[in-house]
Amino acid sequence: MYNAKAYSAAGATSPLSSTSIARRDPTEHDVQIEILFCGVCHSDLHQVRNEWSGVMPTVYPCVPGHEIVGRVTRVGSAVTKFRAGDLAAVGCMVDSDGTCPECKAGLEQFCPNLTLTYNFPDKHTGKVTYGGYSDSIVVDQRFVLRVPSNLDLAGTAPLLCAGITTYSPMRHWGVSKGKKVGVVGLGGLGHMAVKFAHALGAHVVVFSTSPSKKDDALRLGADEVVISRDAGEMSKHAGSFDFILDAVSADHDINAYIGLLRRDGNLTLVGAPEKPLALSAFGLIMGRRSLSGSIIGGIAETQEMLDFCGQHKITSDVEVIPIQKVNEAYDRLLKSDVKYRFSIDMASLKSE
Ligand code: NAP
Ligand code: ZN
């Protein structure tokens, strides 16, 4: 074991602050990574503040962060995929059983024995896993991704969660040229969804509560922007969408969006608000429409997404912050005031 620097929360109402955590020394299959950038996902905030207490209660101290990019410092004797000095990335998962039907299908995110990057039982330490708000991490090579060499690293980190979470359902539901696609909520996930839907050739409509984001939405690749509080603007799109991705972090009316789907259209929820959403049956039954959910994506698909980003020069639009500004960043997330992802420059942790 060795000590790593990190930022952790001591409780649901405590700010994040500097700490030291024990990490395992790399075993034969492990890769040790010096973390250069870590994105700030709204899930970090939900988890730190124990907003998902019914589903995955938070164990404190909690070190969040699952959008990790860095440089390999050490590898175990059986590691073939990476060498010291390579760029590497880690997302929301760090282990799975590798033998169940989900793992065999490349869908590790549904493995019953999945280990998430933070706040999950850690078989190596007997505690819980600690995430990327840290100067280093040790991960089994199966869960370490290759980073395209042409991408900006601060903007690459958010691809590991916001990127794959929006790419995967779009591939699953066949987003392509000729499809009309809606994106609800222009935050970290939403802005990546716009970039991917545009790159896949769809006609993209952004639904936002923030009129100030309209120009950005168009610049990011949207063809149209609807301010969702304007019922007249919303009704112009009734019954017209093939697919809508809902990436909203708080309570909102999903029935308004289900009504915008065409026959057999699908609305996929990726946002994970604290409280249950109200659903009217009529919106679904009147057009054989479907409502579904999606969580991140498998490791092979995450690598496919990163390679796609390398080919299309896609990264996240980031505001780079030092770790000392992370509590302020959380407050701004709650005000929908992020353009469009905070990416922590982990060099700032050295001064702690
Ligand atoms: P974010 O950057 O904070 O963006 C959320 C956006 O939702 C805001 O920018 C805002 O967009 C909109 N919004 C916020 N409050 C709203 C309200 N009361 N009514 C309507 N719209 C509202 O968050 P994120 O990091 O993209 O994450 C979004 C959600 O996805 C979170 O719940 C997160 O936990 C979840 N998530 C799920 C997965 C998964 O695998 N399924 C992965 C990562 C994250 P506008 O200003 O445009 O309205
Ligand atoms: Zn996330």
Side-chain angles (χ1 to χ4, degrees), residues 4-21 35-53 58 60-70 91-92 117-119 130-137 152-163 165 185-192 208-213 215-217 220 247-251 271-274 315-352:
K5 286 186 173 186
Y7 253 52
S8 73
T13 54
S14 316
L16 291 147
S17 62
S18 180
T19 188
S20 170
I21 53 170
I35 300 176
L36 300 176
F37 292 95
C38 184
V40 176
C41 181
H42 206 115
S43 301
D44 301 346
L45 188 159
H46 289 306
Q47 191 80 68
V48 160
R49 300 195 177 173
N50 205 14
E51 291 176 356
W52 295 335
S53 56
T58 307
Y60 296 98
C62 174
V63 178
H66 56 207
E67 296 185 332
I68 298 166
V69 163
C92 301
T117 304
Y118 60 83
N119 197 53
Y130 295 132
Y133 295 9
S134 176
D135 58 3
S136 73
I137 193 165
D152 166 64
L153 292 183
T156 297
L159 301 178
L160 277 299
C161 175
T165 301
L186 197 64
L189 266 55
H191 94 290
M192 290 311 308
S208 177
T209 59
S210 308
S212 63
K213 293 180 182 172
D215 290 346
D216 282 340
L220 292 164
V248 173
S249 52
D251 191 27
E274 181 178 1
T315 52
S316 171
D317 284 28
V318 289
E319 181 175 337
V320 176
I321 57 165
I323 188 86
Q324 291 79 6
K325 287 249 160 105
V326 73
N327 294 301
E328 202 178 299
Y330 278 25
D331 291 341
R332 286 180 54 194
L333 275 186
L334 289 176
K335 295 181 200 145
S336 302
D337 174 24
V338 49
K339 293 189 171 174
Y340 279 88
R341 197 60 143 186
F342 294 110
S343 185
I344 305 168
D345 181 350
M346 220 43 85
S348 59
L349 197 51
K350 290 189 177 36
S351 64
E352 293 284 344

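- The side-chain contact (heavy atoms from CB on, under 4.5 Å) test with Pro61 is passed by exactly one of Ser8, Ser14, Ser17: Ser8.
- Here the side chain of Ser208 pairs a donor or acceptor atom with the backbone of Ser210 at under 3.5 angstrom.
- Here the straight-line distance linking atom OG of Ser53 with atom NE2 of His46 works out to 12.5 Å at 0.5 Å rounding.
- Between the CG atom in Leu220 and the CG atom in Asp317 there is a gap of 5.5 Å [rounded to 0.5 Å].
- Side-chain contact check for Phe37 versus Val320: some heavy-atom pair is nearer than 4.5 Å.
- Atom NZ of Lys339 has more than 12 neighbouring heavy atoms from other residues, nucleotides or ligands inside a 6.0 Å radius.
- With rounding to the nearest 0.5 angstrom, the CG atom of Leu36 is 13.0 Å from the CD1 atom of Ile344.
- Residues Val48 and Thr58 form no side-chain contact, since every pair of their non-hydrogen atoms from C-beta on lies 4.5 Å or further apart.
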Exercise for the section: With side chain to side chain contact (heavy atoms under 4.5 Å, CB included) as the test, would you mind laying out the steps for Tyr130 and Ile137 before giving the verdict? Expected result: CA-CA 8 Å; Tyr130 295 132; Ile137 193 165; over 6 Å; no
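- Remark: Glu319 engages Arg332 in a side chain to side chain donor-acceptor pair (under 3.5 Å) (not counting sequence neighbours).
- When all heavy atoms are compared, the tightest approach of Cys38 to Tyr133 is SG-CD1, 3.9 Å.
- Not one N or O on the side chain of Lys5 forms a donor-acceptor pair closer than 3.5 Å with the backbone of Ser18.
- Rounded to the nearest 0.5 angstrom, Thr117 OG1 and Glu67 CD are separated by 10.5 Å.
- Residues Pro158 and Tyr340 have side chains not in contact (no heavy-atom distance under 4.5 Å, counting atoms from C-beta outward).
- Two residues are said to be in side-chain contact when any heavy atoms from C-beta on lie closer than 4.5 Å; Asp251 and Pro273 fail this criterion.
- Every residue meeting the side chain to side chain donor-acceptor pair (under 3.5 Å) condition with Ser316, not counting sequence neighbours, appears here in chain and number order: His191.
- Contact check for Lys325 versus Phe342: no side-chain heavy atoms found under the 4.5 Å cut-off.
- Side chains of Asp135 and Ile35 form no contact here, defined as non-hydrogen atoms less than 4.5 Å apart.
- In this structure, Leu16 and Pro64 have side chains that are in contact, with non-hydrogen atoms separated by less than 4.5 Å.
- Between the side chain of Thr165 and the backbone N or O of Ala162 there is no donor-acceptor pair closer than 3.5 Å.
- The two residues Ala10 and Tyr60 come nearest to each other via the heavy atoms O-CB, 3.3 Å.
- Rounding to the nearest 0.5 Å places CD1 of Ile323 at 12.5 Å from NZ of Lys350.
- A side-chain N or O of Tyr118 and one of Asp44 form a donor-acceptor pair less than 3.5 Å apart.
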